[in-house]
There are 2 protein chains.
Amino acid sequence: MSTALDKDLRNFSKLRSEISGSLAEKPPRERILLAARELFYRFGVHTVGVEAVAETALTNKMTLYRHFRSKDDLIVAYVEQLAGENVATLDRLLGEGLGTPQQKLAAWIDHVEDVLSNKSERGCALANAAVELDAGHPARGVIEDYKRRKHDRLVNVFRAARYREPERLADEVFLLFEGARISLQCGGSGPASRLVAMLRSLLAASPRDDAR
Amino acid sequence: MSTALDKDLRNFSKLRSEISGSLAEKPPRERILLAARELFYRFGVHTVGVEAVAETALTNKMTLYRHFRSKDDLIVAYVEQLAGENVATLDRLLGEGLGTPQQKLAAWIDHVEDVLSNKSERGCALANAAVELDAGHPARGVIEDYKRRKHDRLVNVFRAARYREPERLADEVFLLFEGARISLQCGGSGPASRLVAMLRSLLAASPRDDAR
DNA sequence: TAGCTGTGTTACCGATCGGTAACTGCGCCG
DNA sequence: CGGCGCAGTTACCGATCGGTAACACAGCTA
């Protein structure tokens, strides 16, 4: 098999991108989750072994297994961590209090632009995990919950912005965004790079009630 | 690790879904590719071992390695097989000769409906493979070529149908479709199930020159 | 009949996988 | 000070991984 990343290479990437990062002196459990986040996202949950995670977290397998009962447990924690952060980001952008619905939408699209333009983008980590995990895996439920929740937030903000068909618009925006993220890693960057412009004109062209 | 599919279970699925299928008495190479297609798509290229592929193909590892130099070679052949068939399907639906561009588009959307409504849909096999394979893998090039080609065909048929912005429309349709397939396995079936209606009304609403 | 080619079979290799046992040692709190 | 809990370390387990060697046996052609 072509691992395409010698084990040594993995350890080097750890030293640079993690230590220089923030994992300096945190409790082991946090370090492990940080390492898992990096490695699972970059290389996939199946190709990365628990030992690689532990070493990248500057600890060892035994300590990892003191905090997570199994690798599957670690995967679930990894997925829950991502889902939680993404929901928090959504709350920060679309939550109550901050500006008009239009302003929230503009801020969210700016955020989408940041995500997509990020180099080293390998698509949505949660979607990637879902692809790798078979139907019975406990992490699947977490992923599906998150995606549903995200879709609901979109419906709500479209409704608050008085769009005439908020559900339909949310479906469309949701699918476009998901498609863009998966296309970034296999479809060439063409269509995905034009997503933001598409979103803006889609929202501008969709009919709204009232509109002040 | 939760394999969620005991090895025995895999072998049973082979006996039923493959033998009863068509692999009855074909040359070994074809049987192997058929088995790889089934197993790689259902469970992912990484979780399925070469031995499982060989046994499902009613042969053994040695014969597999006489036809494919390595597992990576088999993965490339698997991906090439899928890309080739998908391009053939596109040619059959959108190719020259058969009807007006509008008829071709209607036929293509019917085909999309079939794909999405198919139970046991696990998303686009090529996109899934791309998620599992890291950037250097030779199969990645095949996948990207296919996706680009598919996008180009969409542009061409939209141009032939005299849509005013064929590239933009192709981007949108492409991303929607990709998003729907990935969402089927992690986003709940909600947005994806409404894709076909979205496509039809999108095409109906998009401006065209001339229009007969 | 002899010989060749392709398939099946068994056994094996080193490496790595997920997971565990047992021990050392540090720091913290009484 | 004594003790306890947690982290680190080493060594190990059985299983499975991708990949190979050697041999038996079929079918075909000459």
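Lettering follows sequence order; numbering is per chain, from 1.
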Query raised in the report: Got a sec, which pairs hit salt bridge (charged side-chain N to carboxylate O under 4.0 Å, His left out) with one end in residues 74-85 of chain A, sequence neighbours left out?
Result: Arg37(A)-Glu85(A)

Report task. Find the distance Glu51(B):CD to dG19(D):C1' and express it as a whole number of Å. Result -> 11 Å

**Report entry** Glu132(B): partners by salt bridge (Lys or Arg N to Asp or Glu O under 4.0 Å), with sequence neighbours left out
**Finding:** none

**Report entry** side-chain N/O Thr59(A) vs dG8(D) OP1/OP2, d < 4.0 Å
**Finding:** yes

**Report entry** d(NZ, Lys26(B); P, dT7(C)) in whole Å
**Finding:** 16 Å

Query raised in the report: Separation of Leu64(B) atom CG from dC17(D) atom C1', in whole Å?
Result: 14 Å

Report summary line: When rounded to whole Å, the NE2 to P distance for the pair His46(A) and dG18(D) reads 13 Å

Query raised in the report: Side chains of Asn86(B) and Thr89(B): is there a donor and an acceptor less than 3.5 Å apart?
Result: no

Query raised in the report: Do the side-chain N and O atoms of Asp73(A) and His67(A) include a donor-acceptor pair separated by under 3.5 angstrom?
Result: no

Query raised in the report: side chain to side chain donor-acceptor pair (under 3.5 Å) with Ser201(A): which residues, sequence neighbours excluded?
Result: Arg168(B)

Report summary line: Taken in chain and number order and not counting sequence neighbours, the residues that satisfy side chain to side chain donor-acceptor pair (under 3.5 Å) with Glu121(B) are Arg181(B)

Query raised in the report: For dT20(C), does OP1 or OP2 lie under 4.0 Å from any side-chain N or O of Arg69(A)?
Result: no

Query raised in the report: Which nucleotide sits closest to the side chain of His67(A): dG8(C), dA7(D), dG19(C)?
Result: dA7(D)

**Report entry** Lys61(B) NZ - dC17(D) C1' separation (whole Å)
**Finding:** 8 Å

Query raised in the report: How long is the line joining CD of Glu55(B) and P of dG8(C), in whole Å?
Result: 13 Å

Report task. Rounded off to whole Å, could you give me the CD-to-P distance for the Glu30(A) and dC6(D) pair? Result -> 16 Å

Query raised in the report: Tell me, for nucleotides 21-27 of chain D in 5' to 3' order, what letter each nucleotide earns: B for a base near a protein heavy atom under 4.0 Å, S for only sugar-phosphate near one, - for neither?
Result: BB-----

Requested in this report: Taking side chain to side chain donor-acceptor pair (under 3.5 Å) as the test, write out the residues that go with Asp110(B), two or more places apart.
Outcome: Arg200(B)

Report task. May I have the distance from Leu58(B) (atom CG) to dT9(C) (atom P), rounded to whole angstrom? Result -> 11 Å

Query raised in the report: If you check every side-chain atom of Arg31(B), which of dG8(D), dG18(D), dG8(C) has the closest atom?
Result: dG8(C)

